[in-house]
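Step one of this worksheet: look at the structure below.
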There are 2 protein chains.
Amino acid sequence: MEKTKYSLATRELKKHKKSLSNPRLKILEYLCYYRDHPTAEQMYVDLHKELPTLSKTTIYNTLHALAELGLVKILNFEENKARYDIITEEHGHFKCQTCGGIFDFQVEQKLIPKGELLGYKIMERNLYFKGICKKCL
Amino acid sequence: MEKTKYSLATRELKKHKKSLSNPRLKILEYLCYYRDHPTAEQMYVDLHKELPTLSKTTIYNTLHALAELGLVKILNFEENKARYDIITEEHGHFKCQTCGGIFDFQVEQKLIPKGELLGYKIMERNLYFKGICKKCL
DNA sequence: GAATAAAATTGTAATCATTACAAATTTTCT
DNA sequence: AGAAAATTTGTAATGATTACAATTTTATTC
């Protein structure tokens, strides 16, 4: 597990008077360890094994709370379900249409658009590619 | 209404042995005229007035068929519902969090990612910004 | 440390966009 | 016109997410 993000997150939670409850810690642990942009359902199925009382609503609540604090990014590029990312630094996502895997990639420069958005306040940038990954080709 | 796209689309439909039925033409007309990235629901409500027999399933069927032919792009960046775009050339979308409007913008160069995606086949690029538009600021 | 207040969690039911599907209608072909 | 194929329609199902009230856990006060 990546220690840095985890301890940053717990510190941030305490700072905002949020308790470090077992569900929250387990969800954070999961996000820090499995960095494969899981869905809420995936987290539920996996975490339910070691924490049988955990409910789906708690997963959603916690993820929203973490997103509120800027500790998690909610990815909305799939047709029906959201994915959750503990890496909040700006980066792109590539989805392989064959294996379904989602890969991160860095972007050259700060995506600056042409004139149209002059005077617009840009608060969030999302870059999402689709195609076939090296392994599947 | 933008004639070019519309006639291109009808030509393309004929080429693929798809009938130019009334629902299809009306949906195309709508997309060409209202280029504000409507949801299926919006199209249903509006088109239902002049074509009362039109069903939602037909809207979905038609939009998928048009997407299949590359005449419509399905935009999946909102949390819960899809939006549909008749402009299929590569461009970015900006969503204003205040008024909810969605604005197109051009991108400087062909979004080329750093090394990570070397050897990956990129088939679709999506760029989506969020913030506050000039008018709302 | 026990009592109380506040926060968090849980399970169930509701919501809402989208899809499945079978019947009815329209279009195309002969 | 008549048969076959394609399209449309309405209703019911699906599935992710949210609403909500009851219960449990955590924090606070004495």
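A:D104 places a side-chain heavy atom less than 4.5 Å from the side chain of A:H93. Using a 4.5 Å cut-off on side-chain heavy atoms (C-beta onward), A:Y128 and A:K130 make contact.
In this structure, A:N61 reaches the bases: a heavy-atom distance under 4.0 Å links it to at least one base atom across the strands shown.
Using a 4.0 Å cut-off between charged nitrogen and carboxylate oxygen, A:K81 and A:E41 do not count as a salt-bridge pair.
Using modelled atom types, one finds a donor on one side chain and an acceptor on the other under 3.5 Å when comparing B:E124 with B:N126.
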Quick one: which protein N/O atoms are closer than 3.5 Å to N/O atoms of nucleotides 28-30 of chain D? Pair and distance per line, please.
none

Output one line per pair: protein atom, nucleotide atom from nucleotides 17-19 of chain C, and distance, for all N/O pairs under 3.5 Å.
from   : atom 1 : to    : atom 2 : distance (Å)
C:dT18 : OP1    : B:A82 : N      : 2.7
C:dT18 : OP2    : B:Y60 : OH     : 2.3
C:dT18 : O5'    : B:Y60 : OH     : 3.2

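Taking only side-chain atoms of B:S21, from C-beta outward, the nucleotide of C:dA8, C:dT10, D:dT7 with the closest atom is D:dT7. Among C:dT28, D:dT9, C:dT9, the nucleotide with an atom closest to any side-chain atom of A:T58 is C:dT9.
Per the geometry, CG belonging to A:L75 stands 17 Å off P belonging to D:dA16, to the nearest Å. With rounding to whole Å, A:H48 atom NE2 is found 11 Å from C:dT10 atom C1'. Distance, A:L28 CG to C:dA8 P: 14 Å, rounded to whole Å. For A:L25 and C:dA8, the CG to P distance is 13 Å, given to the nearest whole Å. The distance from atom CG of A:L13 to atom P of D:dT26 is 15 Å, rounded to the nearest whole Å. Distance A:Y44 OH to D:dT18 C1': 16 Å, rounded to the nearest Å. Note: CG (A:L54) to P (C:dA8) measures 16 Å, nearest angstrom. To the nearest angstrom, P of C:dT10 lies 11 Å from CG of A:L47.
Both A:L20 and B:K18 lie near DNA chain D, and the one whose nearest nucleotide falls closer to the 5' end is B:K18. For B:R24 and B:P52, each mapped to the nucleotide of DNA chain D holding its nearest heavy atom, the one lying further toward the 5' end belongs to B:R24.
With sequence neighbours excluded, no residue satisfies ring-ring contact (aromatic ring centres under 6.0 Å, His included) with B:H64.
Residue B:T53 places at least one side-chain N or O closer than 4.0 Å to OP1 or OP2 of D:dT9. The side chain of A:S55 contributes an N or O atom lying less than 4.0 Å from OP1 or OP2 of C:dT10.
Residue A:T4 comes nearest to A:S7 through the heavy atom pair O-OG, 3.2 Å, listed as atom of the first residue, atom of the second, then distance.
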- Give the C-alpha distance, both sets of side-chain angles, the deciding distance and a yes or no for side chain to side chain contact (heavy atoms under 4.5 Å, CB included) between B:E90 and B:V107. CA-CA 8 Å; B:E90 192 167 309; B:V107 196; 5.9 Å; no
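Follow the hydrophobic side-chain contacts under 4.5 Å out from A:F77 and you never reach B:I122; the two are in separate clusters.
Other residues, nucleotides and ligands contribute at most 12 non-hydrogen atoms within 6.0 Å of the CD atom of B:E68.
Checked against the 6.0 Å centroid criterion, the rings of B:F129 and A:Y120 do not qualify as a close aromatic pair.
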